[in-house]
Amino acid sequence: MTLQLYNTLTRKKELFVPINNEHIRMYVCGPTVYDDIHIGNARPLVIFDVLFRLLKNTNRESDITYVRNITDVDDKIIQRAEENNESISDLTNRNILRFQEAALELCCLKPTIEPRATDHISQMINLIKVLIEKGHAYVTDDGEVLFSVLSMPNYGRLSGRNRDEMILGARIEVSSNKRDPADFILWKPSTPNQPGWDSVWGRGRPGWHVECSAMSEEYLGPNFDIHGGGVDLVFPHHENEIAQSECFHPNIPFVKTWIHNGYVMSEGEKMSKSLGNFYTVSDLLKEFPGEALRLALLATHYRQPLDFSKDGTKEAISRLDKYYLALKVLEDDLDQKELISSNIADDFGSSLLDDLNTPAALTVLDKQSSAIINDSSRDNRAQLGQAFIQNANLLGLLCNGSAYWHKRNTTEAEQTNIDQMIKKRMIAREQRDFAEADRIRDELLLRKIILEDGPDGTIWRRGS
RNA sequence: GGCCCGGUGGCAGAGUGGUGAUGCAGAGGACUGCAAAUCCUUUAAUGCCGGUUCGAUUCCGGCCCGGGCCUCCA
């Protein structure tokens, strides 16, 4: 089975063939750390984590480098730090930490490298210098450095637009400094109280796009296999990255496969603070397990627009309840060592390899979990279980034991209390005092603790 | 205005040129002291109009509706 990916550059599904089979390289645009990430930021985080896992699984002989950058210099950051009356580094360090916690809660693996823009200023300055030397950039009277779009004949081919169309666009703001209205900033001067670095063009800071060209060059070289991000980055961000990198390295195609995830809506509408549907990941994590958010994000194909909702997340919890029930069945009669790792196979593999069709892959997990729960043969379960767990892990699901899931967010004291109440109820049931037994169950239900009477006694789990 | 994406049952959401997955919800049943979970059965959908075809949800054209981008954006 082979991996097919939709390439924004060619607008086709293509067979994925690495440039260098021994070293597969992927770069994904990470967050600008001016605030907590919201659920829309979480989608690429999860999608490209699945792709990273899939590449590792299907290319075991290859090195795989996954770079996910952090943008920690930006006008929004400057503005927010001013508003909060705190230093820029306090703001960015705090948000980076919170971002990394969120990524962990969403069951994302750590990328190979997570470079920060401010650690690569000298590389950016060098890149800009070369672009000026080659005639692709120029310095204005105000000390800005701008990229000259006219110097690049095929500018606009990723986003499928040409310069004339853009200039006709109603929102083009023509700066007197620009030779061409479509030119974009590589370097801009900083005032004394703005963050800045010394350069031949004076003290200033980089434009938004140049960091990704500099950092991908630093860690992946002049060209690499996959570059990902949200669809709203296609233009101008990724278009401009191509311009910078390909003018820096003429005749080397920058990126082979461009992958973009669709936009996230929230509760049927565009996310906005005034509508009350603006969800940050940290707020959602107070209400839902990260794994449920992850599943909710994977339940729609990555290129489709996704309508995130709390109801959808509750559905994801029900689905995970079943997966973890299957896992519990396996844990009860299966030594984990029996689960050996193998290459992906079956419908799960073919779905995932077909341009990351995670919704179709999830239906395979649904069927596999049912089969495990219903199969009375221990040997059959062991066989089914191996594929099931491996498949789930490939999606970054079922990373915890079943006890962790069913008893999540429960303190030890609470657990003891629940166990005592279950014991009291058991005594009441033995005495046929069902009114008391039901009262205890209702009391626990109010605390979203669901009891299940089974042949081996009563177990509990957390409801939603 | 330009460019791009989508419209599938009550909701979510795949696939496919030949009787439309899966999950949630609903109905009936099994199990249970009652539940829960699970299982069985079951109701229910391809925006509109043309074209190509033996046959279109799928391909093509037009229309309607929704969404995105057009230098803040994942």
Side-chain angles (χ1 to χ4, degrees), chain A residues 8 11 28-32 34 37-48 71 74-76 79 147 149 156 159-162 164-173 175 178 181-185 207-209 228-237 239-240 260-265 268-271 295-296 299-301 303-309 311-312 314-319 321-322 325-326 328-329 347 351 354 357-367 369-370 373-374 429 432-435 437-438 441-442 445 449-455 458-461 463:
Chain A
T8 308
R11 298 185 194 282
V28 175
C29 289
T32 301
Y34 67 101
I37 61 163
H38 56 69
I39 190 65
N41 303 109
R43 173 126 93 145
L45 209 57
V46 168
I47 292 298
F48 291 103
T71 301
D74 168 87
D75 286 358
K76 283 198 297 290
Q79 193 189 334
F147 185 92
V149 165
S159 54
R161 51 189 95 207
N162 63 49
D164 298 337
E165 285 165 356
M166 285 166 22
I167 292 162
L168 288 171
R171 286 206 260 158
I172 286 284
E173 184 189 321
S175 151
K178 291 183 178 181
D183 289 352
F184 59 90
I185 292 255
W208 172 39
H209 316 297
V231 69
D232 52 336
L233 292 183
V234 174
F235 189 88
H237 186 54
E239 196 69 76
N240 292 349
H260 293 97
N261 63 269
Y263 206 78
V264 177
M265 306 270 289
E269 300 189 81
K270 188 168 178 161
M271 256 198 288
L295 181 52
T300 299
H301 182 86
R303 281 194 282 120
Q304 293 287 105
L306 165 66
D307 185 12
F308 179 85
S309 69
D311 282 347
K314 286 175 188 161
E315 265 191 42
I317 289 177
S318 310
R319 217 163 178 180
D321 277 337
K322 186 156 178 184
L325 176 64
K328 185 174 189 309
V329 168
D347 294 344
S351 296
D354 180 13
N357 192 340
T358 53
L362 284 168
T363 69
V364 178
L365 287 188
D366 291 332
K367 289 175 187 165
S369 58
S370 283
I373 291 164
N374 291 310
R429 288 178 72 208
R432 315 284 297 171
D433 183 358
F434 294 122
D438 290 348
R441 183 173 50 211
D442 291 345
L445 192 60
I449 305 295
I450 296 167
L451 299 186
E452 294 180 14
D453 298 327
T458 300
I459 57 168
W460 66 273
R461 67 188 166 85

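In what follows, chains are A, B, ... by sequence order, proteins preceding strands, each numbered from 1.
- Contact between the side-chain N/O atoms of A/Thr300 and the OP1/OP2 oxygens of B/A12 is not found at any separation under 4.0 Å.
- For A/Gln304, there are no side chain to side chain donor-acceptor pair (under 3.5 Å) partners two or more places apart in sequence or in a different chain.
- With sequence neighbours excluded, no residue forms a side chain to side chain donor-acceptor pair (under 3.5 Å) with A/Asp74.
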Pairs: protein N or O with nucleotides 21-24 of chain B N or O, under 3.5 Å:
from	atom 1	to	atom 2	distance (Å)
B/U22	O2'	A/Asp366	OD2	2.7
B/G23	N2	A/Glu315	OE1	3.3
B/G23	N2	A/Glu315	OE2	3.3

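- When the side chain to side chain donor-acceptor pair (under 3.5 Å) test is applied to A/Lys322, the partners found at least two apart in sequence or on another chain are A/Ser370.
- For A/Pro305, there are no side chain to side chain contact (heavy atoms under 4.5 Å, CB included) partners, not counting sequence neighbours.
- Listed pair A/Asn240 / B/U71 fails the phosphate criterion, with no side-chain N or O lying under 4.0 Å from OP1 or OP2.
- A/Asn41 contributes a side-chain N or O that, together with a main-chain N or O of A/His38, makes up a donor-acceptor pair within less than 3.5 Å.
- When the side-chain nitrogen and oxygen atoms of A/Asn374 are compared with OP1 and OP2 of B/C39, one or more of them lie within a distance under 4.0 Å.
- A search for ring-ring contact (aromatic ring centres under 6.0 Å, His included) contacts involving A/His237 returns A/Trp208, A/His209, not counting sequence neighbours.
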Task: Per-nucleotide protein contact string for nucleotides 30-36 of chain B (B base, S sugar-phosphate only, - none; heavy atom under 4.0 Å) - done: ---BBBB
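- Residues satisfying the ring-ring contact (aromatic ring centres under 6.0 Å, His included) criterion with A/Phe48, sequence neighbours excluded, are absent altogether.
- Among residues two or more places apart in sequence or in another chain, the side chain to side chain donor-acceptor pair (under 3.5 Å) test is passed with A/Ser318 by none.
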Task: Bracket string, RNA chain B, 5' to 3' - pairs by Watson-Crick or G-U geometry under 3.5 Å, | interstrand - done: (((((((..(((.....[...))).(((((.......)))))....(((((..]....))))))))))))....
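- In this structure, A/Val364 reaches neither bases nor backbone, as no heavy-atom distance under 4.0 Å exists between it and the strands shown.
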Could you go over nucleotides 17-20 of chain B and give all protein N or O partners under 3.5 Å, atom names and distances?
none

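- Residues satisfying the side chain to side chain contact (heavy atoms under 4.5 Å, CB included) test with A/Thr363, not counting sequence neighbours, are A/Arg319, A/Asp366.
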